[in-house]
Protein chains: 2
Amino acid sequence: MDSELRNKDGLTEKEFLLQYRPGDYERPSVTVDILLFTVDPELNSLKLLLIKRGNHPYMNCWALPGGFVDMDESAFTAANRELKEETGLEGIYLEQLYTYSQPGRDPRMRVISIAYIALIPMTEAVAGDDATDTEWFDISMDSDRLLLTSKEKDITIEYLLKNKTFESGMITYDNQVPQLKSKSKLAFDHNLIIYDGLMRLRNKADYTDIVFNLMGEQFTLPDLQRVYEMVLGRKLYKKNFRDKIKDKVVNTGEEGKSIKGNKMSALYSYKK
Amino acid sequence: MDSELRNKDGLTEKEFLLQYRPGDYERPSVTVDILLFTVDPELNSLKLLLIKRGNHPYMNCWALPGGFVDMDESAFTAANRELKEETGLEGIYLEQLYTYSQPGRDPRMRVISIAYIALIPMTEAVAGDDATDTEWFDISMDSDRLLLTSKEKDITIEYLLKNKTFESGMITYDNQVPQLKSKSKLAFDHNLIIYDGLMRLRNKADYTDIVFNLMGEQFTLPDLQRVYEMVLGRKLYKKNFRDKIKDKVVNTGEEGKSIKGNKMSALYSYKK
DNA sequence: CTAATAGTGTCTCTAAGACAGTATGTT
DNA sequence: AACATACTGTCTTAGAGACACTATTAG
């Protein structure tokens with residue numbers, strides 16, 4: 001067995017691990033940041049949960065929910081735990097987005113943040129919490145602007161998207177960089193994270209079933225199309241849309257009204 | 001100005017940051033692991049660089065190159081630094097893959113690893129280094145097996161790919177999990193990382209120009225096709241392939257022989 | 001001459017995109 | 001009656017997939 005293999009100091013693995021002491025060097029803090037998306041019950045907008053910071057740095061700016069990764073849990077587990085604390089919900093769609101590690105992204109200390117995308121159905125949408133200044137922002141993005149608004153709190157957070165060319169090896173690719181336009185703003189590099197997350201969501205809407213995580217158990221096709229349109233940020237042709245999703249969906253035989261319409265429509269559910 | 005904004009203790013941001021002391025809690029180590037791919041000069045195989053571990057844990061197993069992220073550098077910078085140390089090359093294609101954070105993935109201590117994909121042209125391929133037991137493995141993967149082989153060292157590392165269904169929110173998706181088959185094996189969770197990286201490479205070969213990072217300045221279309229086939233792990237129809245890449249490529253007017261052929265062929269270069 | 005390789009033509013099938021049209025309901 | 005909405009038909013274009021074909025060259 002390999003368990004009796006000895007290293008150059010003559011130690012087996014068990015002996016090695018017993019005597020091993022990690023070096024005494026500085027380590028970064030590691031956190032998870034969560035992009036929690038949903039759609040509002042009237043299907044007017046895609047929504048993103050933000051929390052107002054009550055202290056420096058970025059005091060009074062809006063930030064993504066998140067927290068530290070504990071020593072005995074994975075980042076995925078930490079993100080699920082934060083979601084549970086924030087919304088009370090479990091079993092939510094959760095996907096790792098990207099890891100942000102630029103030194104100085106938090107002026108207090110070195111923080112590396114693993115960002116996650118979470119999606120909850122409109123029916124589960126939890127109200128904003130006034131006490132902790134938690135708020136669902138309407139979020140939209142077109143070719144040159146990222147816009148976050150809260151009607152209740154009368155807040156507009158706006159970033160212009162500037163085209164920038166990146167080089168990597170042989171290839172170059174165009175990307176966009178958010179540039180603050182409004183008075184209110186996002187904390188840390190959360191503007192980047194939100195931009196990246198929305199792009200990921202849009203891309204995955206095209207080639208996966210990710211959008212169904214924003215729907216309830218049953219839905220009409222007009223409602224499903226509206227959700228796709230909010231995610232993608234553009235109108236879709238009804239017939240083409242129905243052709244595209246027809247294999248992902250099954251007619252329940254029941255009928256119901258679409259959220260914005262008053263005409264009966266067939267109710268569908270997601271087909272696994 | 002916001003710089004005069006005071007928190008509930010009456011401190012400005014500058015004052016707050018001066019008195020701020022990070023909590024004295026345990027932090028994980030953060031490393032980068034690098035999937036360095038190239039193709040061999042005879043265009044027989046896609047290649048991946050691995051290093052043989054000389055100590056516990058996973059002594060004598062093969063591992064991805066990598067190292068710690070320093071406190072004053074981003075993970076991207078750390079990956080570039082490691083690449084420079086390993087190959088002497090700079091300006092290489094480098095893309096963040098995924099972050100692996102499962103507790104226990106390193107039995108010595110808590111290590112969170114940010115994995116990167118790097119691609120270098122075949123012409124730049126550095127030889128394996130006998131002193132440090134660095135070796136370029138031939139890598140291939142089909143629907144049910146991941147295979148890493150070194151002809152020189154007579155090593156075969158083989159993992160069967162077992163289908164597994166994952167649930168996340170409303171949707172389920174099928175994925176594959178590597179299961180050790182051979183006597184030689186990979187260290188830590190590097191089998192997962194390699195599987196994920198190869199899948200990413202294959203997906204991106206379809207909708208980006210990523211594969212050109214494996215080519216030299218000039219190449220014939222038959223050679224380019226062979227590289228695509230090695231990355232994708234399947235044969236392509238010549239005409240369809242040429243139609244697909246025709247806008248990515250420009251005829252230099254020169255002629256040269258393909259690496260495996262002895263007939264002259266038009267030389268192309270990558271069109272930005 | 002034969003076999004292999006470089007390169008092109010073309011057919012089918014599917015999916016995206018864009019409208020047009022019918023039926024059914026509300027006001 | 002007028003309008004909006006649910007739902008379907010169909011045309012065009014583009015790309016993936018699959019072969020068939022010609023031309024060229026090594027041996």
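Model, not experiment: these values are computed from the prediction. Below, chain A is the first sequence line, B the second, and so on; all start at residue 1.
For A:N240, counting side-chain heavy atoms from C-beta on, the closest listed nucleotide (C:dA18, C:dA16, D:dC7) is C:dA18. With distances taken from any side-chain atom of B:K239 to the nucleotides D:dG17, C:dT8, C:dG17, the minimum falls on C:dT8. Relative to the side chain of A:S265, the nucleotides D:dA6, D:dG17, C:dG17 differ in distance, and D:dA6 lies closest.
Between the NZ atom of B:K235 and the P atom of D:dC19 there is a distance of 15 Å, rounded to whole Å. We find that NZ of A:K244 is positioned 20 Å from P of D:dC7, with the value rounded to whole Å. Put simply, CZ on A:R242 is 18 Å from P on C:dA15, counting in whole angstrom units. Spacing between atom CG of A:N251 and atom P of D:dC7 amounts to 9 Å, rounded to whole angstrom units. Rounded to an integer number of Å, the gap from B:K260 NZ to C:dA6 C1' is 17 Å. In this structure, the CG atom of A:L236 is 16 Å from the P atom of D:dC7, given to the nearest Å. When rounded to the nearest whole Å, the span between CZ of A:F219 and P of D:dA6 equals 15 Å. In this entry the distance linking OH of B:Y207 with C1' of D:dG15 reads 18 Å, nearest Å.
Here the straight-line distance linking atom OH of B:Y270 with atom CE of B:M215 works out to 13.0 Å at 0.5 Å rounding. Atom CD1 of B:I34 sits about 9.5 Å away from atom OG of B:S113, to the nearest 0.5 Å.
Under the side-chain contact (heavy atoms from CB on, under 4.5 Å) rule, B:V231 has a single partner from B:I210, B:V39, B:D206, B:L201, which is B:L201.
The base of D:dA16 has none of its N or O atoms less than 3.5 Å from a complementary donor or acceptor on the side chain of B:D243. For a distance-only test at 3.5 Å, the side chain of A:K238 qualifies as a donor-acceptor partner of the base of D:dA6.
Salt bridge status for B:R200 with B:D196: absent, with no side-chain N to carboxylate O gap under 4.0 Å. In summary, B:R226 and B:D223 engage in a salt bridge, as defined by a charged side-chain N under 4.0 Å from a carboxylate O.
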Pull out every protein N or O sitting under 3.5 Å from an N or O of nucleotides 24-27 of chain D, one pair per line with the distance.
residue: D:dT24; atom: O2; partner: B:K263; partner atom: NZ; Å: 2.5

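Look at A:Y237 and you'll find a side-chain N or O under 4.0 angstrom from OP1 or OP2 of C:dC19. Note on B:T220: every side-chain N or O is 4.0 Å or more away from OP1 and OP2 of C:dA6.
Side chain of A:K47 to main chain of A:L36: no donor-acceptor pair is present (N/O by atom type, distance under 3.5 Å, no hydrogens or angles). Judged purely by atom type and a 3.5 angstrom limit, A:Y159 uses its side chain to pair as donor or acceptor with the backbone of A:L186.
Of the residues near DNA chain C, A:D206 and B:A266, the one whose nearest nucleotide (by heavy atom distance) lies more toward the 5' end is B:A266.
Summarising the local packing, NZ of B:K272 is surrounded by more than 12 heavy atoms from other residues, nucleotides or ligands at distances under 6.0 Å.
For the side-chain contact (heavy atoms from CB on, under 4.5 Å) test, residues two or more places apart in sequence or in another chain that qualify with B:Y268 are B:F219, B:L221, B:V249, B:N251, B:A266.
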Pair assignment for DNA chain D - dot-bracket with | for other-strand partners, Watson-Crick or G-U under 3.5 Å: |||||||||||||||||||||||||||
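Between B:Y173 and B:F166, the ring-plane angle classifies as parallel under the 30° and 60° cut-offs.
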